[in-house]
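Please read all numbers here as calculations on a predicted model, not as lab measurements. Throughout, protein chains are lettered first and strands after them, A, B, ... in sequence-line order, and every chain is numbered starting at 1.
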Amino acid sequence: MRWSQFFIPTLREVPADAEVVSHRLLLRAGMVRQLSAGIYSYLPLAQRVIRKIQRILREEMESIGGQEFFLPALNPREIWEETGRWAVMGDNMFRLKDRKGADLCLGMTHEEVFTGIARHELRSYKQLPQVWYQIQTKFRDEARPKSGVLRVRQFIMKDAYSFDVDAAGLDKSFNDQRAAYQRIFDRCGLKYAIVEASSGAMGGSASNEFMVKTDAGEDSIATCESCGYAANLEKATSRLAAISDDTMPGTNAPEEFPTPGVRTIEDLTTFPGGAAANRQIKTLVFIATNEAGENQPVLALLRGDHQLHETKLADAVGAIAVRAAHPEEIRELLGANAGSLGGVRAKEIAQASGRELRIVADQALRNRRGMTTGANRDEHHLRGVDVERDIMVDSWADLRTVASGENCPNCEAGTLAVFKALEVGHIFKLGTKYSASMGARVLNQDGKEVPLVMGSFGIGVERIMAAAIELHHDADGIIWPRAIAPFDVVVTVTNTKQPEMVATGEKLYHNLRRAGLETLLDDRDERAGVKFKDADLIGIPYRITVGKKITDNAVELFDRAKKESIDVNLDDIIARVQSLALAGR
RNA sequence: CGGGGCGUAGCACAGCCUGGUAGUGCGCUCGGUUUGGGACCGAGAGGUCGAGUGUUCAAAUCACUCCGCCCCGACCA
């Protein structure tokens, strides 16, 4: 490619509303332009990177027997009704009507369509396993698109689905994918952690996320240096030092006492006759929505100094979603305002107003006694509460958010560190959720009809591109990992008014291409400084500078990552670059 | 969906409070000088001031409505 003819609209100035590094650099490097909130156009330079990523995805999918499909992005309502997700997906799904008034949607993921094919065509365990994948545009009507291409409403995803006859088969398919994912992200130059994650609305038994540590990410993960434990904060646990209640006086029943002006855990720690935060029970009211769309109030109890994790609560009560109850709902349910709520007699109070209240308590409250909590009467609290004696707990669960510095749940020595991270891939053991609801069954070896056991495996293509930038950049611009760089090498002719330099540049350009290298020739009539700045910005791994040294039969080879330049004889330069570039592929 | 902010030339912004000629820098075009880390001089082109309604002799400027975009939160396989 000749730069003079290639469309790379670089920007000197930083566009005002680009916050994260990858967004700024994608714009400045002339790779993307925004069309609308969360909708981006990919310009030629970005498209070259995307194609490189897709090629790696295809190679690794094929290597584990994956077969590429191309399914419709436009889906009829009916197939989503079958799995119940027409309702579950809610406002996140783009919906439209055709001229006849029939409902359609734009696919957010493709379990339904793939399973729809499988149920018609797969009849016997002998046809299994099948590993099907595609690289497709997905649509999600995000409430808040943000961070450039990291959180968008239209994006490219590699999604794969496995079909097995039993759980053992799924385990193998899952492990194959996991290994392939590791190779994919390694090849793309990403450092990542594989973490345990919640399966959420996808359903299924197990899931791993592939997380790139970066502040641009929206997830938080906890990791342990000493044993390698890693989990999404929505799953992470930690070991806590036990708190002894032996010094607390025994009681026969909780004792109510007035607490005027006390609204928070913090208030009560300083209130005369109050209690330390870890001797209080935090009481939160949530509304849980199940798959059928029914709402139920849930009381979540935690130690006063602990933070609730909402996803954990949702998982604990089997809900699709939970939300904090509104102040009016809380009053109606318990007859008191937030700040004076407690688990003691809460079920009876709710029942009196005809509500069924579910109480979930965090494991850290097990066996605790001498605790203080709200009395369900404004400005009154209870002390001497014995959790298991006084509160009708329906279920115990891990509800709390772990914090940096807590002890690793997996090893003796380690402590946890919490990081922001970007999800670039997610693999699920779906099980039979979709095959059962859609009637995708095969005959097993015993001649018995069983639902297909499925896995689902996704990778965000643009997120790989953006994550690579987040991880590999400096003040001058992008530093592409070699395997996904838009070009292997750029040849910079410093002065296009010098015929010898131009001729040398042209010759190098042709020879590099003949050697199989993707080469960009900067033949623009610009000053050398402009060309250097642009080359640094777009991040091509190697730059060959054709300048005055050609009189000594030499050019400069500049390594973008190391920022080092060496003189190389013209006779050696092709072989030199070739070995460098090929090593990176 | 709640809170906040911003829409003026391709980009970044000033002008708005206090109504009266639409401006600056970068980029772009032409000419000249320059030519190894985003050159300099000169001459130009480029704007329904987000849209609509209203107030006024007069609206980029004041008021109202709508739209769009960004940030925080909620939400998010």
Does [X] pair with [Y] as a salt bridge, N-O distance under 4.0 Å?
| X | Y | answer |
| --- | --- | --- |
| A:E60 | A:K158 | no |
| A:E218 | A:R144 | no |
| A:R560 | A:D474 | yes |
| A:D398 | A:K312 | yes |
| A:D164 | A:K172 | no |
| A:E111 | A:K433 | no |

Interatomic distance at [atom1], [N] relative to [M], whole Å:
| N | M | atom1 | result |
| --- | --- | --- | --- |
| B:A59 | B:C66 | P | 24 Å |
| B:G7 | B:C11 | P | 14 Å |
| B:C62 | B:U21 | P | 15 Å |
| B:U61 | B:U55 | P | 15 Å |
| B:G47 | B:G23 | C1' | 11 Å |
| B:A60 | B:A74 | C1' | 36 Å |
| B:U18 | B:U65 | C1' | 26 Å |
| B:C70 | B:A12 | P | 13 Å |

How is [X] classified with respect to the nucleic acid when contacts are heavy atoms under 4.0 Å: base, sugar-phosphate, or nothing?
| X | answer |
| --- | --- |
| A:A37 | sugar-phosphate |
| A:Q498 | nothing |
| A:E218 | nothing |

Output a table of nitrogen or oxygen pairs between the protein and nucleotides 45-52 of chain B separated by less than 3.5 Å.
none

For atom CG of A:D141 and atom P of B:A74, their distance in whole Å: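 About 19 Å, once rounded to whole Å.
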
Separation of B:G5 C1' from A:R144 CZ (nearest whole Å):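 Value for this atom pair: 13 Å.
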
Partner set under side chain to side chain donor-acceptor pair (under 3.5 Å) for A:R24, not counting sequence neighbours: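 Counting only residues at least two positions away or on another chain, A:R24 forms no side chain to side chain donor-acceptor pair (under 3.5 Å).
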
Out of B:C71, B:A74, B:C69, which has the shortest distance to the side chain of A:E310? B:A74

Can you find a donor-acceptor N/O pair under 3.5 angstrom joining the side chain of [X] to the base of [N]?
| X | N | answer |
| --- | --- | --- |
| A:R323 | B:C1 | no |
| A:E13 | B:G27 | no |
| A:R151 | B:C76 | yes |

What orientation do A:F69 and A:F114 show, parallel under 30°, tilted 30 to 60°, or perpendicular over 60°?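 Answer is perpendicular, since the angle exceeds 60°.
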
Base, backbone or nothing for each nucleotide of nucleotides 31-39 of chain B, written B, S, -, heavy atoms under 4.0 angstrom, 5' to 3'? ---BBBBBB

